[in-house]
Number of protein chains: 2
Amino acid sequence: MKLSTKGRYGLKAMIDLAFHYKDSPIPLKVIAERQQLSESYLEQLIATLRKAGLVNSIRGAQGGYMLSKSPDKITVGEIIHALEGSLAPIECVNEDSKVSCEKVENCVSRIVWIKVRDSTRALLNSISLADICKEAKLKE
Amino acid sequence: MKLSTKGRYGLKAMIDLAFHYKDSPIPLKVIAERQQLSESYLEQLIATLRKAGLVNSIRGAQGGYMLSKSPDKITVGEIIHALEGSLAPIECVNEDSKVSCEKVENCVSRIVWIKVRDSTRALLNSISLADICKEAKLKE
DNA sequence: CATAATCCCTAGTATTACGCTAGGGATTAT
DNA sequence: ATAATCCCTAGCGTAATACTAGGGATTATG
């Protein structure tokens with residue numbers, strides 16, 4: 001049940017962008033340094049986020065990345081879904097996938113995994129980047 | 001966020017044992033056939049479950065496995081924890097582990113993963129094998 | 001008592017996914 | 001013109017996954 005570094009690093013980068021929402025655009029190099037992540041690896045992750053419409057980019061010198069919407073309009077659920085794919089804990093409860101198990105109808109354990117999927121999804125969709133920034137500022 | 005086959009197959013085997021709770025002991029061969037799983041692989045999984053105290057075994061001819069407690073006393077949470085380890089989606093929120101991140105105190109995304117861990121745990125701990133059997137019987 | 005059925009244990013192994021690195025091209029501010 | 005940036009793709013070492021194989025220990029049964 002582990003998340004890969006894609007989701008982890010990607011969320012870190014998005015939180016970084018949310019914190020500096022008004023300073024945009026922010027070069028990837030800066031994010032990578034601040035978050036202590038490999039720049040070229042992060043490049044791949046942010047490309048995914050861009051294709052998912054969660055960040056915008058500006059090319060060339062003085063370019064960089066910025067959130068495509070305000071932090072309260074972007075949820076952790078969207079970010080993780082973009083980077084990790086479905087939140088389904090096993091393939092047979094993944095709606096994005098075409099692969100289906102022929103025993104789906106009378107598979108008993110399936111009920112459990114649907115519940116896990118839905119509860120995780122509901123939780124992550126309920127948390128926005130703005131929420132995280134708020135909580136973080138309280139801690140200071 | 002995928003579960004490995006350990007958790008998947010292991011839960012299937014446990015549900016099978018729960019369904020046949022009174023017929024015990026059940027040889028692994030029978031479970032493997034009924035659940036369409038590789039017997040020798042399942043052997044390793046059930047060894048883990050036995051060491052976790054969730055099943056008992058009887059050796060020799062006519063031997064087999066049985067649940068160590070009644071199905072309403074065993075939760076999916078216990079089973080998955082035994083087979084997959086902590087439900088922590090990332091290492092830094094895994095209480096079973098000694099590995100700790102020095103940035104734990106001011107890591108913002110950590111808040112999210114603690115919530116995921118706790119919500120999944122609560123959900124899985126709330127579902128017993130008896131609950132699953134009940135739901136399955138309703139479907140028939 | 002011999003045999004077959006079962007649990008028990010360990011080692012090995014092919015495949016896959018993960019977590020990157022590398023290198024070069026396209027764009028744009030200065 | 002140059003440097004700073006985004007953009008794209010290919011490759012690659014490591015570790016984990018999902019098994020398979022083989023043999024030993026125990027015990028019911030005929």
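- A donor-acceptor pair is defined here as one N or O able to donate and one able to accept, closer than 3.5 Å; no such pair exists between the side chain of A:Thr5 and the backbone of A:Arg8.
- D:dT17 atom C1' lies 14 Å from atom CG of B:Leu83, rounded to whole Å.
- Following rounding to the nearest Å, B:Leu42 (CG) and D:dT20 (C1') show an atom-to-atom distance of 14 Å.
- In this structure a side-chain-to-backbone donor-acceptor pair under 3.5 Å is missing from B:Arg117 to B:Pro89.
- Here the side chain of A:Arg34 pairs no donor or acceptor atom with the backbone of A:Asp16 at under 3.5 angstrom.
- As a whole-Å value, the separation of A:Lys2 NZ from D:dA16 P is 12 Å.
- Looking at B:Leu124 and A:Val112, their side chains come closer than 4.5 Å, going by heavy atoms from C-beta outward.
- A:Ile46 comes within contact range of no nucleotide atom at all, as no heavy-atom separation falls under 4.0 Å.
- At a threshold of 4.5 Å between non-hydrogen side-chain atoms, the residues B:Phe19 and B:Cys133 count as touching.
- In this structure, B:Glu84 contributes its side chain and B:Ser4 its backbone to a donor-acceptor pair below 3.5 Å.
- For D:dT17, neither phosphate oxygen OP1 nor OP2 lies less than 4.0 angstrom from any side-chain nitrogen or oxygen of B:Ser4.
- Atoms CD (B:Glu91) and C1' (D:dA16) sit 14 Å apart, rounded to a whole Å.
- Between the side chain of B:Asp131 and the backbone N or O of B:Ser128 there is at least one donor-acceptor pair closer than 3.5 Å.
- The base-pairing partner of C:dT27, taking Watson-Crick or G-U wobble contacts with both distances under 3.5 Å, is D:dA4.
- Side-chain contact, B:Glu95 with B:Ser86: no donor N or O sits under 3.5 Å from an acceptor N or O.
- The interatomic distance linking B:Tyr41 (OH) with D:dG22 (C1') rounds to 19 Å, in whole Å.
- The stretch residues 52-70 of chain A touches DNA chain C through A:Arg59, A:Gly60, A:Ala61, A:Gln62, each having a heavy atom within less than 4.0 Å of the strand.
- In this model, the phosphate group of C:dC20 is not approached by any side-chain N or O of A:Ser38 to a distance below 4.0 Å at OP1 or OP2.
- Checking side-chain atoms of B:Lys2 against main-chain N and O of A:Ala88 turns up a donor-acceptor pair under 3.5 Å.
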So which protein N/O to nucleotides 9-12 of chain C N/O distances come out below 3.5 Å?
from  : atom 1 : to      : atom 2 : distance (Å)
C:dC9 : OP2    : B:Arg50 : NH2    : 2.8

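- Here A:Tyr9 does not reach the OP1 or OP2 of C:dG19: none of its side-chain N or O atoms lies under 4.0 Å away.
- C:dC20 atom C1' lies 10 Å from atom CG of A:Leu45, rounded to whole Å.
- Per the geometry, CG belonging to A:Leu3 stands 17 Å off P belonging to C:dA17, to the nearest Å.
- Across the protein-nucleic acid pair, A:Lys29 atom NZ and D:dC6 atom C1' stand 14 Å apart, rounded to whole Å.
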